[in-house]
Amino acid sequence: MSTILVIGETEAGALTAATCELLGAANRLTAELGGDVALALIGAEPAAVEAAGPAGADTVYRAADASLVQYQTDAHLPLAQQIVEQDSPRVVLLAQSSMGRDLAPRLATRLGSAAAMDALALEVEGDRVRVTRSCYGGNARQVVTVKTDPQVITVRAKSQDPLEPDASRSAEIVDVAPSDADLRARVTSKDAAESEGVRLEDAEIVVSGGRGLGGPEAFGDLEQLAGVLGAAVGSSRAACDLGWYPPSQQVGLTGTVVSPTLYLAIAISGASQHMAGCGGSKNIVAINKDPDAAIFAFSRFGIVDDYKKVLPALESALKDALAG
Amino acid sequence: MRVRQNRDLLQPARSAPAAATKRVSALAIPAWLPLGGLLLVSGAETVRVTGAHRELFFNIDHFWVLYLLLPFAIGLIIYGIARRSRIWRLGRADFSFDNLPTRIARVLRGGMGTERVLRDPYSGVMHLCIMTSMIVLFLVTALLAIDDYIPVDILVGPRYLGYSLVADIFGLIGVIGVAMAVAHRWVRPRTAWLPTWEDWFIVGGLGVLLVSGFFVEGLRIQASEIHTNPEWSYWSPVGYVVALIFSGLSTAAVLDIHKALWWFHMIGALSWISLLGYSKINHLVMAPVNAFLKRTSAPGKLELIENIEEQEHFGVSQLEHFSMKQLFELDVCVRCGRCTDSCPADIAGQPLSPMHIIQDLKSYATAVGERKVTNLVRGDEINFGLGDAPAMVGEVVRDESLWACRTCGACVEACPVFIEHIPTIVDMRRSLVMEEARMPDTVQGTLETLERQGHPWRGTPYTRESWMEALDLDPAEITWTGEQEYLYFVGCTGAFVDRAQAITRSVVSLLREAEVSFGILAGMESCNGDPARRLGHEYLYQILAEGLIAAFDEAGVKKIITHCPHCFNVFLNEYPDMGGHYEVIHHTQLLEQLLTEGKLEPREVEPQTITYHDSCYLGRHNDIFEAPRRILEQVPNVTLVEMPRSREQGLCCGAGGGNMWMEEQGASRVNEVRVQEAADTGADTACTACPFCIQMFDAGVGTVQMNVEEADKLQVLDIAEILQTSAARDS
Amino acid sequence: MDAIVCVKQIPDPETPAAAFRVDEAAMRVLPAQGISPVISPFDAQAVEAALRLKDAAGEGSVNIVSLGPDSARDAIKHSLAMGADDGYHLHDDAFEGGDAWTTALALSKAIQHLGVPDVILFGRQAADWDQGSVGSIVAELLDLPSATVLRAVEGGAGSLTVSRVVGDGFETIEIPTPCVLTISNEFGDPRYPQLRQIMQAARKQVAELTPADIGLEPSQVGAAGARLEMHALFQPTSDVDVEIIEGDTPEEKAAGLVAALRNAKIL
Ligand SMILES: Cc1cc2nc3c(=O)[nH]c(=O)nc-3n(C[C@H](O)[C@H](O)[C@H](O)COP(=O)(O)OP(=O)(O)OC[C@H]3O[C@@H](n4cnc5c(N)ncnc54)[C@H](O)[C@@H]3O)c2cc1C
Ligand code: SF4
Ligand code: SF4
Ligand code: SF4
């Protein structure tokens with residue numbers, strides 16, 4: 001019986017970064033709420049289970065089965081329910097991931113409770129966890145608590161810090177026997193996203209280039225940077241007109257409208273027709289050699305410099321940052 | 001790449017019974033038939049009286065055949081036109097005969113006077129030659145006929161000789177005209193020119209007729225006059241020269257050839273004139289009719305769809321949705337190509353040619369209209385058996401052509417036979433948008449933004465008040481109270497586009513400087529519906545316009561200032577149809593007035609050369625050409641230069657007709673063509689008076705002058721901004 | 001192929017940030033001047049998906065259910081204009097102030113009331129609260145299989161093949177009907193209604209349903225039945241001014257930018 005149960009995820013046999021962040025958050029919350037942190041690992045491999053203790057779990061519920069590596073609602077839901085009922089925590093945390101956003105509402109309903117989705121911040125108030133979450137497309141923040149128990153919460157990746165791994169900590173392992181699930185919806189295949197295949201309008205990050213790039217070759221560099229970020233590449237109309245990049249990638253009034261979390265505008269002046277296509281981005285970052293370029297008025301961060309000098313440095317800094 | 005409308009889709013016309021349809025109502029056999037008849041009589045008379053005063057029907061037996069052929073030719077013409085008129089009558093009968101004096105003046109100047117044809121010197125002269133030759137020969141022979149029928153002889157002696165000379169000279173002028181026409185087609189074809197068999201037949205036929213006429217005359221002279229009264233024959237110089245050619249032949253041979261040629265000329269003339277019912281020769285009667293039928297409103301005005309909620313169709317997707325006038329007009333087109341030559345889309349290599357739109361619709365009307373007529377006559381459903389016919393909107397006229405139109409009116413201005421392309425194009429666009437909901441994505445985005453946010457500027461970060469932040473004044477000072485004289489309608493562009501916000505601020509400064517009593521609606525303003533209307537969404541236009549009219553009326557608005565020609569046009573020309581009657585003034589007009597009244601005093605500016613770009617909706621559509629120029633002339637140190645295409649012939653910036661919100665398809669962009677023209681004048685500054693033009697120019701300068709030093713680039717300024725630096729204290 | 005699509009009317013998500021205002025005391029978003037509410041864009045995509053399924057099957061019905069105040073009728077009308085057959089409006093004061101749970105409860109009862117169709121569609125999330133849970137809760141309450149965040153849906157009554165957007169790609173899922181699906185933006189743009197259909201939709205009756213009609217007590221729905229409690233609603237303070245990353249070398253600037261992005265939790 002623990003206070004908080006984290007329903008974790010693994011990737012390539014290891015705990016995902018988001019799971020470690022959840023464990024970090026759970027430990028901080030239990031510091032106030034008291035009690036233990038448990039981690040449910042469905043379909044886990046040994047390496048992940050071993051890492052759970054150092055990452056902050058006191059107990060690990062392990063449902064090891066190769067068939068469970070792939071998340072499927074009908075398979076994971078009864079198991080998750082079984083583990084929660086066995087552990088009876090007050091709070092259940094999941095990542096706001098493909099799995100978490102699918103599983104949490106159904107699980108909460110099954111448990112007679114409700115889920116607060118996509119938390120950015122968690123605080124304790126009495127026996128409740130106050131959840132600050134983003135809404136209205138990022139224009140507003142909402143603070144909510146779940147009135148019923150257990151309080152199911154999904155948490156946005158990178159919003160929480162993981163613990164420093166503590167090799168001296170180890171978790172008690174409880175094996176859970178998967179019962180026969182009635183698999184109604186089945187995952188029959190899985191395709192990796194083709195990186196060029198990210199539709200501009202759906203991309204979370206967009207790297208865009210303009211006339212200031214000076215030629216089509218530079219778009220190759222942009223594509224490389226986009227590869228590092230998992231981003232789509234966009235372009236201003238001026239650059240498309242010059243034939244440097246396909247018109248399908250034009251962002252703006254008469255192109256595609258995008259609203260990614262991060263819009264990186266490189267050598268784009270920020271004409272209103274261009275901004276009409278990207279002004280809704282959560283964060284705009286501009287690299288432009290002209291300190292008076294209009295784009296800076298819309299940007300959160302900016303670098304005033306020749307992009308040719310900044311781009312290679314940025315790419316390696318990003319590689320380091322994302323790897324670490 | 002150039003994309004042309006598809007012209008292979010049409011099946012040959014199907015024959016149809018000559019019976020009139022049930023729809024026969026408005027267009028009775030048109031009034032020009034008597035005229036045609038007269039022409040025929042005179043044609044016949046020419047021949048009959050050629051030898052008058054010596055021998056009637058010289059050398060010709062069985063001349064009575066002529067009197068049989070004559071009614072036959074007239075019948076053919078009547079049949080051709082009557083039959084064609086059944087297709088026109090498929091359309092809606094909505095004619096307007098307002099402003100009769102204007103219409104009559106237009107018939108005289110533009111129709112009979114061919115004012116517009118003369119704008120192009122070469123084809124003007126060519127047309128004038130052929131036309132005057134035909135008119136004079138007609139009058140001359142009419143005179144002969146009269147002379148022959150009345151008891152007294154007028155054409156005798158010197159009068160006859162002078163008459164012979166005039167006839168010969170105008171025959172010669174006709175030949176020159178025909179030669180020019182042939183050369184025109186061979187040597188100097190227009191960009192849009194596509195000569196067809198019809199053109200060759202008409203021009204060639206006319207040439208052959210004129211030449212054979214001279215030969216008949218020459219042979220007659222050779223067989224008679226030259227021997228009996230040689231001094232008479234000098235008065236027919238061409239005929240005399242021809243006569244000399246045959247001087248080696250025996251009289252019998254000359255008479256034989258004369259007889260053969262006489263009949264050839266005769267029957268040829270009747271055949272040629274019969275084409276009036278079947279070919280573009282019809283323009284000689286139909287062009288003046290069309291000059292009369294053309295609307296007298298602003299050329300860009302769109303017609304209201306009344307009771308739109310009760311319509312069975314929206315816009316035009318079938319021939320019968322057009323008005324009779326629109327269908328009639330198709331047959332008036334002489335394929336001169338002037339419209340296409342002046343069309344900004346065509347100039348930029350985009351897939352639109354107004355001439356082809358008209359011509360393709362005409363072919364379609366021939367192919368499909370006949371069948372529709374037959375169906376109606378038989379009492380069948382109008383489209384019975386037309387399942388395989390190509391779609392008029394989409395296949396005959398392609399979507400991209402309809403979207404590429406800027407509604408700039410250059411074609412309407414250029415057309416010598418007064419065809420109005422804009423309503424025809426927009427009617428089909430209406431069907432695309434309202435009927436089919438088929439449109440470019442960004443058009444859909446614009447319409448959705450209009451529906452939801454009440455303005456067309458999707459993605460704008462601003463509100464209707466944002467532009468005021470940079471002004472050093474309390475918004476209350478310029479807020480509409482109902483007490484002020486003018487409402488300054490800022491408009492969506494003036495509020496939501498950063499470049500245009502600067503214009504708005506300049507206008508406000510100038511109005512304050514001149515102590516004009518004005519107010520703004522700020523957040524209470526909403527789109528007047530113009531973008532929706534040009535994009536073909538008439539319904540959305542009506543909703544937006546109704547809303548704004550209600551707001552104006554509630555606020556007690558009587559006089560409106562706009563700095564946007566599009567707002568100006570819709571308020572002035574289109575709101576009255578919706579029950580909104582206001583006094584509307586464009587900022588160029590008001591500023592000029594304030595300068596004249598001395599309320600604004602221009603001071604010296606940096607010496608500069610300025611070229612003024614005529615906004616279509618200010619200039620061509622509303623005849624405001626001089627006010628902006630007079631303003632610029634009053635600013636000390638400013639030198640005004642003109643682009644080759646200016647005033648009535650001005651080239652659109654490319655934004656009109658909703659193209660501000662579309663991606664152009666084609667070889668180049670209209671704004672770049674126009675900016676290049678402005679740059680070529682050597683001006684320092686391009687001045688506009690339209691918040692759309694200014695954006696098009698800004699974007700165009702970026703491309704056209706990409707490699708030009710920043711300081712040497714063309715500056716693009718609104719006229720209010722130029723005047724503000726010169727005349728406003730708080731600049 | 002019968003479908004029910006649940007839709008919601010929300011403030012236009014394209015409202016520019018400058019016009020977006022929150023009444024913090026009342027914990028609600030103030031309507032922006034001149035900007036009308038719209039059908040949540042994902043919901044319009046769900047309607048599109050339903051219409052395409054119906055078209056592909058060649059028969060069936062697409063019915064619309066919406067819970068909300070008067071303005072919810074517009075979302076229903078919009079869906080009808082797109083081509084849906086009938087609309088049902090859960091409309092009662094008692095429904096007000098609810099959360100995802102009470103909404104899902106009412107919707108599931110309404111669906112039972114109307115008869116469970118082959119497929120029940122939702123947008124992946126309502127673009128106002130962005131919770132993205134109503135579809136899954138309805139599936140749970142009706143004990144139906146579900147697939148969420150889909151970019152493609154194909155097939156007919158009996159079994160559907162759907163493509164689900166996941167973090168690193170796409171999953172193909174076979175799912176039997178009846179089932180619950182939620183549609184994501186990757187599905188593509190919904191159709192623009194034809195004017196004729198807009199006018200027909202305007203004339204069409206939309207049936208109103210109260211809690212009693214669907215077998216619920218007022219205490220089970222709306223604020224009374226809610227399981228989430230809102231404590232605050234506010235606008236995040238964003239630094240309006242751009243932060244120019246300074247540095248002596250491009251490397252320093254690049255490193256500074258990456259650090260700033262990390263601090264701001266953007267990366
Ligand atoms: C009707 C209409 C529709 C339009 N629709 C769109 C649209 O949908 N999308 C769109 O993008 N545009 C659109 N435009 C065009 C728009 O007005 C601008 O012309 C265009 O966006 C400019 O593109 P740009 O910023 O790449 O080029 P520029 O404005 O030329 O800017 C280049 C920038 O690069 C910077 N730069 C140059 N060299 C370097 C370097 N070495 N390192 C760093 N920075 C450098 C310069 O300082 C400058 O700020 C439209 C215009 C019109 C009129
Ligand atoms: S209105 Fe202008 S753009 Fe349209 S067809 Fe005529 S000339 Fe071309
Ligand atoms: S429409 Fe007018 S301008 Fe154009 S080709 Fe025909 S006659 Fe000439
Ligand atoms: S934007 Fe200016 S030039 Fe272009 S159509 Fe309008 S008024 Fe004409």
Side-chain angles (χ1 to χ4, degrees), chain A residues 73-74 97-98 101-102 104-106 109-110 113-118 130 134-137 139-148 158-159 184-193 199 201-202 261-262 279-280 283 285 296-297 299-305 309-310 313-314 317-318 321-322, chain C residues 13-14 16-17 20 22 29 99-101 127-133 136-137 139-141 145-149 166-176 179 185-186 227-236 239 242-245 250-251 253-255 257-258 260-262 264-267:
Chain A
T73 317
D74 290 337
S97 59
S98 306
R101 64 154 66 99
D102 188 76
R106 284 197 84 138
T109 309
R110 208 165 261 210
S113 184
M117 307 293 289
D118 202 13
R130 275 169 72 98
S134 155
C135 53
Y136 285 93
N139 277 330
R141 298 276 184 277
Q142 183 193 26
V143 180
V144 293
T145 51
V146 181
K147 293 196 280 186
T148 42
K158 298 181 202 98
S159 68
R184 296 175 291 186
R186 284 168 199 277
V187 175
T188 54
S189 66
K190 183 162 177 177
D191 308 301
R199 287 207 315 163
E201 48 270 63
D202 301 324
T261 314
L262 173 60
N283 301 285
V285 171
F296 287 123
S299 301
R300 173 120 184 238
F301 301 112
I303 292 182
V304 179
D305 208 334
K309 298 190 206 135
V310 181
L314 184 61
L318 278 171
L322 295 174
Chain C
E14 288 193 15
F20 185 86
V22 165
V29 170
D99 63 356
W101 156 254
D128 52 356
W129 297 115
D130 289 335
Q131 273 265 79
S133 54
S136 295
I137 301 174
E140 189 58 34
L141 291 172
S146 62
T148 54
V149 195
V166 293
D168 49 354
F170 310 106
E171 290 171 358
T172 306
I173 299 175
E174 297 286 344
I175 189 167
C179 62
N185 45 301
E186 286 84 351
R227 290 177 175 180
L228 287 189
E229 183 174 351
M230 189 172 10
H231 302 279
L233 184 70
F234 60 94
Q235 282 176 273
D239 317 296
V242 55
E243 185 184 323
I244 298 291
I245 311 286
E251 285 73 22
K253 292 180 186 173
L257 176 60
V258 174
L261 289 173
R262 294 232 103 177
K265 303 226 151 76
I266 298 169
L267 279 183

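Everything numeric here is computed off the predicted structure, so don't read it as measured data. Labels below follow one simple rule: chain letters A, B, ... track the order of the sequence lines, proteins then strands, and each chain is numbered from 1.
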Which of Asp99(C), Val166(C), Val22(C) touches chain A most, by non-hydrogen pairs under 4.5 Å
Val166(C)
Indicate yes or no: at least one non-hydrogen side-chain atom of Pro105(A) is less than 4.5 angstrom from one of Met117(A).
yes
Most chain A-contacting option - heavy-atom pairs closer than 4.5 Å, from Ala232(C), Ala100(C), Ser133(C):
Ala232(C)
Answer with yes or no whether the side chains of Arg106(A) and Thr73(A) bring together a donor and an acceptor at under 3.5 Å.
no
The interface call for Phe20(C) against chain A, heavy-atom contacts under 4.5 Å, is side chain
Please classify the contact between Ala127(C) and chain A as side chain, backbone, both or neither, with a heavy-atom cut-off of under 4.5 Å.
backbone
Interatomic distance, CZ@Arg227(C) vs NZ@Lys147(A), rounded to 0.5 Å, equals 10.5 Å
Part of Asp202(A) lying under 4.5 Å from any heavy atom of chain C
both
Chain C contacts, top residue of Ser189(A), Ser159(A), Gly280(A), Ala114(A) (heavy-atom pairs, under 4.5 Å):
Ser189(A)
Surrounding CZ of Arg110(A) (heavy atoms of other residues, nucleotides or ligands, distance under 6.0 Å), is the total greater than 12?
yes
Quick one, Arg141(A) and Ser134(A) - any side-chain contact, counting heavy atoms below 4.5 Å?
yes
Report yes if the side chains of His231(C) and Thr145(A) come closer than 4.5 Å at any heavy-atom pair, otherwise no.
yes
Assess the residue pair Leu233(C) and Cys135(A) against the criterion (side chain to side chain contact (heavy atoms under 4.5 Å, CB included)); give the C-alpha distance rounded to whole Å, side-chain angles, the decisive distance to 0.1 Å, and a yes or no.
CA-CA 9 Å; Leu233(C) 184 70; Cys135(A) 53; 3.9 Å; yes
Go through the atoms of Leu257(C) and report whether side chain, backbone, both or neither lie under 4.5 Å from a heavy atom of chain A.
side chain
The interface call for Val149(C) against chain A, heavy-atom contacts under 4.5 Å, is side chain
Thr188(A) and Thr172(C): side chain donor to acceptor below 3.5 Å:
no
Is it the side chain or the backbone of Ala115(A) that comes within 4.5 Å of chain C heavy atoms, both, or neither?
backbone
Pick from Lys309(A), Glu201(A), Arg186(A): which one has the most heavy-atom pairs with chain C under 4.5 Å?
Arg186(A)
Looking at CZ of Arg300(A) and CG of Leu262(A), how far apart are the two atoms once the value is rounded to the nearest 0.5 Å?
10.5 Å
For Ser97(A), is it the side chain, the backbone, both, or neither that has a heavy atom closer than 4.5 Å to a heavy atom of chain C?
neither
One option among Gly279(A), Ala140(A), Ala116(A), Ala104(A) has the most heavy-atom pairs under 4.5 Å with chain C, and it is Ala140(A)
Scored by heavy-atom pairs under 4.5 Å with chain A, the best of Ala17(C), Ala139(C), Gly132(C), Pro13(C) is Ala139(C)
Side chains of Trp101(C) and Ile137(C), heavy atoms from C-beta outward: is any pair under 4.5 Å?
yes
Most contacts with chain A, counted as non-hydrogen pairs under 4.5 angstrom, among Leu228(C), Leu267(C), Ile175(C), Leu261(C):
Leu228(C)
Structural part of Trp129(C) lying under 4.5 Å from a heavy atom of chain A:
both
Under a 4.5 Å heavy-atom cut-off, does chain C meet the side chain of Asp102(A), its backbone, both or neither?
both
